[in-house]
Amino acid sequence: MSWRSVEIERADGVAVLRIDRGGSRNALSQELIAELGQAVSQLADDPDIRAVVFAGTREAFSAGIDLKDPKKWQDEELPLFMRREIAFRGARLCAAIEAMPQITIAAIEGLAVGAGVAIAIACDWRVLARDAYLWLPEIKLGLNLSWGAVPRLTTLAGPARAKRALLLCEKLSADDALEWGLADWVSDPGAAETVARDIAGTIAALPPTPVRISKEAVNAVATALHRTAVYADGDQGLVCRDSAEARDARAKFAR
């Protein structure tokens with residue numbers, strides 16, 4: 001299967017899933033979300049793959065949801081069930097990433113913003129280039145952080161720091177992310193994917209069954225209440241984004 005903005009490279013038990021829209025700092029259009037879902041499903045079912053590296057370009061891992069994508073925003077005429085289907089696509093994608101049997105590693109260069117952070121924290125580990133940063137600006141846009149990301153953020157960083165990232169919209173440098181538990185390794189600029197590949201290679205050389213069992217065991221404990229916390233975050237997102245205060249916030253943000 002081939003896609004417009006996603007490609008998969010396989011070698012020696014490791015797959016690199018690369019996001020590259022050829023511009024737009026890899027903003028997540030509805031088309032790209034669908035492609036990522038298909039690629040994740042394909043890799044999850046591949047018994048020869050033992051670790052997966054999620055990578056973007058040197059410029060960006062992902063700038064988050066595509067604010068210019070009409071398929072996301074111009075849906076007022078659609079039936080409510082269709083609007084909900086669109087609203088929950090990101091949450092389903094991140095749940096699928098989290099549930100992959102392979103060990104997953106996000107290699108982040110440049111930036112990961114909003115939904116890009118949601119994808120990264122759905123992975124098992126993250127490598128950030130030293131000049132990269134994470135940013136959750138949703139509240140500045142009049143939105144809530146959805147995609148099932150709030151409990152993952154809270155589990156990794158703790159409640160106080162999760163609130164700082166969400167409410168103060170702080171940009172986190174690679175060193176900050178490492179201190180907060182949102183990064184696991186910091187690399188030289190341009191080397192995040194190389195570091196991630198090396199780690200993935202170490203995993204691929206291990207006996208696969210105990211690796212998968214161990215991942216499942218840790219996730220079962222760490223994520224036990226996650227679904228309860230965010231089962232309606234897509235619905236909340238629809239309420240927030242269609243409000244007058246959100247429209248005003250987005251207009252100010254775009255200036």
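All residue numbers refer to positions in the sequence shown, counting from 1. Note: hydrogens, waters and symmetry copies are ignored here, and every other heavy atom, side chains too, is used.
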Starting from the C-alpha separation in whole Å, work towards a yes-or-no answer on side chain to side chain contact (heavy atoms under 4.5 Å, CB included) for Y133 and L128. CA-CA 8 Å; Y133 66 87; L128 263 71; over 6 Å; no
Would you check if F54 and V40 make a side-chain contact, meaning some heavy-atom pair closer than 4.5 Å? yes
Using a 3.5 Å distance criterion without hydrogens, assess whether the side chain of N26 forms a donor-acceptor pair with backbone atoms of A60. yes
Side chains of Q30 and I65: does their closest heavy-atom pair fall under 4.5 Å? yes
Check this for me, if you would: do R164 and D176 make a salt bridge, where the nitrogen-to-carboxylate-oxygen distance has to be below 4.0 angstrom? no
The criterion is side-chain contact (heavy atoms from CB on, under 4.5 Å); which residues satisfy it with N144, sequence neighbours excluded? S146, D233, Q236, C240
Considering only heavy atoms from C-beta outward, does the side chain of V6 approach that of Q38 to under 4.5 Å? no
Presence of salt bridge, R89 and E85, under 4.0 angstrom: yes
For L28 and W147, which heavy atoms make the closest approach, and how far apart are they? CD1-CH2, 3.9 Å
For V230 and P151, work out which heavy atoms get closest and say how close. CG1-CD, 3.1 Å
Flag side-chain contact, heavy atom, 4.5 Å: V195 against V186: no
Between atom CD of E35 and atom OG of S29, what is the distance when rounded to the nearest 0.5 Å? 7.0 Å
Pairwise side-chain contact, R212 with K215, heavy-atom cut-off 4.5 Å (strictly under): no
Any side-chain heavy-atom pair of D48 and R10 under 4.5 Å: no
Can you find a pair of side-chain heavy atoms, one from R130 and one from D175, that are under 4.5 Å apart? yes
Are L238 and I139 linked, directly or through other ILVMFWY residues, by side chains that come within less than 4.5 angstrom of each other? no
Check this for me: does any side-chain nitrogen of one of R21 and D66 sit under 4.0 Å from a carboxylate oxygen of the other? yes
Checking L80 now: which residues fulfil side-chain contact (heavy atoms from CB on, under 4.5 Å) with it, not counting sequence neighbours? R84
Is there a path of hydrophobic side-chain contacts, each under 4.5 Å between heavy atoms of I, L, V, M, F, W or Y residues, that connects L93 with F61? yes
Report the distance from atom CG of L17 to atom CD of E7, rounding to the nearest 0.5 Å. 9.0 Å
Distance in Å, R126 CZ paired with L178 CG, rounded so as to fall on 0.5 Å steps: 11.0 Å
Hydrophobic clusters here meaning ILVMFWY residues chained together by side-chain heavy-atom distances under 4.5 Å, can you tell me if W125 and L182 are in one? no
Scan the side chains in residues 97-123 for donor-acceptor partners under 3.5 Å anywhere in the protein, sequence neighbours excluded, and list what turns up.
{"from": "E98", "atom 1": "OE1", "to": "R152", "atom 2": "NH2", "distance (Å)": "3.4"}
{"from": "E98", "atom 1": "OE2", "to": "R152", "atom 2": "NE", "distance (Å)": "2.9"}
{"from": "Q102", "atom 1": "NE2", "to": "L43", "atom 2": "O", "distance (Å)": "2.7"}
{"from": "Q102", "atom 1": "NE2", "to": "I49", "atom 2": "O", "distance (Å)": "3.3"}
{"from": "T104", "atom 1": "OG1", "to": "D124", "atom 2": "N", "distance (Å)": "2.9"}
{"from": "T104", "atom 1": "OG1", "to": "D124", "atom 2": "OD2", "distance (Å)": "3.1"}
{"from": "E109", "atom 1": "OE1", "to": "R58", "atom 2": "NH1", "distance (Å)": "3.2"}
{"from": "E109", "atom 1": "OE1", "to": "G190", "atom 2": "N", "distance (Å)": "3.0"}
{"from": "E109", "atom 1": "OE2", "to": "G190", "atom 2": "N", "distance (Å)": "3.1"}
{"from": "E109", "atom 1": "OE2", "to": "A191", "atom 2": "N", "distance (Å)": "3.1"}
{"from": "E109", "atom 1": "OE2", "to": "A192", "atom 2": "N", "distance (Å)": "2.9"}

Is L36 close to W3 at the side-chain level, that is, under 4.5 Å between some pair of heavy atoms? no
